[in-house]
Protein chains: 2
Amino acid sequence: MLNDEEMQIWHMWKGSFKRIFSRVIKEMTEHTGLSEGDFGVLDRIDHFGNGKLRQQDLVDSMEWTKSRLSHHLTRMEQRGLVLRKPLDTGNGVQVIITSSGKSALDDSRPIVSKAIRKYFLDQLTEQDIELITNLAKRINLGS
Amino acid sequence: MLNDEEMQIWHMWKGSFKRIFSRVIKEMTEHTGLSEGDFGVLDRIDHFGNGKLRQQDLVDSMEWTKSRLSHHLTRMEQRGLVLRKPLDTGNGVQVIITSSGKSALDDSRPIVSKAIRKYFLDQLTEQDIELITNLAKRINLGS
DNA sequence: ATATCATGGTTGATACGTCAACCACAATAT
DNA sequence: ATATTGTGGTTGACGTATCAACCATGATAT
């Protein structure tokens, strides 16, 4: 169904991604103790919500299920990175970043940026960037 | 540390990969009940070992830790996909694909191939393929 | 012969992901 | 007023991933 060359392309692509990605994440977790998910959550609360964000909005922007987010927030709450507070106005829950969550985030940002540059951007040519941009467009249109 | 455009490249790349990859895997698991790991293990036993493979060889070719493989094989053994048998000659364990493991694998191959073509290869131009090949070379050399 | 080391594998604890079932509240229809 | 539906969130069970500690066997050095 696929010839050797086609199979190879797939494996190379998969392999490149996994290597690069795990290097970036590893660099962050080793330096700050945040997981990929932790960082994503904190980043969005900070960036889109300016310190607090409704759980459902978080679900949408993370492209996670509500279940996954709920479980993850439980763990983050336990570690003191965020708080959860029921909304006064009817249904829903506010997720609030704590000061320790905020400083973990601030510590992580430069580390993540440096790692992305080192392991990813520095490896790319102009052409690569075009490829990525075009491919992303096609993928996102295609569904 | 990173400008908006650089951040976008990263997110597009990450997003494209995750979407494509999860579509391929989902297609397989829905049709055959095999996870990505299951398929990888069975594929290698079949392809490199012709039905049986030493656990350590499996570890090497999967690029997994021995611990991860051990846990995974325990689950696969429970489901009757593989058997484990201590090697007579000293140390080590043979992992043997069962007939039900083999047929699950055979069922999966065409499904995986079709999915890779549909969600990945069909999206690529000749040029894209060349770029991916080169990129992969750079990544894999770089460590 | 026995201490030491390297290799190959297991185990337990814990974090992360997914699925299906469930619960709470609000809006709408009758 | 009360049933129905939709939205927002939780929970429990289980599969997957990682880490560190551990155990068994085989090879090497003394």
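Residues from residues 69-87 of chain B with heavy atoms under 4.0 angstrom of DNA chain C, sorted by number: B:Ser70, B:His71, B:Arg84. DNA chain D lies under 4.0 Å from no heavy atom of any residue of residues 42-62 of chain B.
No more than 12 heavy atoms of other residues, nucleotides or ligands shown are found within 6.0 angstrom of CG on B:Asp4. The environment of CD in A:Glu126 is sparse: at most 12 heavy-atom neighbours from other residues, nucleotides or ligands sit within 6.0 Å.
Ring-plane geometry between B:Trp13 and B:Trp10 is classed as tilted, the angle between the planes lying from 30 to 60 degrees on a 0 to 90 degree scale.
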As a quick check of understanding, evaluate salt bridge (charged side-chain N to carboxylate O under 4.0 Å, His left out) for A:Arg109 and A:Asp46, giving each step before the final call. CA-CA 12 Å; A:Arg109 282 199 204 285; A:Asp46 185 58; 2.6 Å; yes
For salt bridge (charged side-chain N to carboxylate O under 4.0 Å, His left out), just list the numbers for A:Arg19 and B:Glu63, CA-CA rounded to whole Å, side-chain angles, deciding distance to a tenth of an Å, and then say yes or no. CA-CA 11 Å; A:Arg19 270 189 196 75; B:Glu63 301 185 56; 3.2 Å; yes
Check step by step if salt bridge (charged side-chain N to carboxylate O under 4.0 Å, His left out) holds for B:Arg117 and B:Glu27. CA-CA 12 Å; B:Arg117 184 176 303 291; B:Glu27 196 117 331; over 6 Å; no
Determine whether B:Lys18 and A:Glu36 satisfy the following criterion, salt bridge (charged side-chain N to carboxylate O under 4.0 Å, His left out), listing intermediate values before the conclusion. CA-CA 14 Å; B:Lys18 292 200 171 186; A:Glu36 188 203 351; 3.0 Å; yes
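Annotation: of the two residues near DNA chain C, B:Asn91 and A:Ser35, the 5′-most nearest-nucleotide partner is B:Asn91. Mapping A:Lys26 and B:Thr89 onto DNA chain D by nearest heavy atom places A:Lys26 at the nucleotide closer to the 5' end.
For the pair A:Glu36 CD and D:dT18 C1', the interatomic distance rounds to 15 Å; values are reported in whole Å. The distance from atom NZ of B:Lys66 to atom C1' of D:dA17 is 16 Å, rounded to the nearest whole Å. What separates CG of B:Leu34 from P of D:dG15 is a distance of 14 Å, to the nearest Å. The interatomic distance linking A:Phe21 (CZ) with D:dA17 (P) rounds to 14 Å, in whole Å.
There is a side-chain donor-acceptor pair under 3.5 Å between B:Gln56 and B:Asp60. Counting only N and O atoms by type, the side chains of A:His31 and A:Asp107 include no donor and acceptor under 3.5 Å apart.
Among all heavy-atom pairs drawn from A:Ile132 and B:Ile9, the shortest one is CG2-O, 4.0 Å.
Extent of DNA chain C lying under 4.0 Å from chain B heavy atoms, first and last nucleotide in 5' to 3' order, is C:dT7 to C:dA13.
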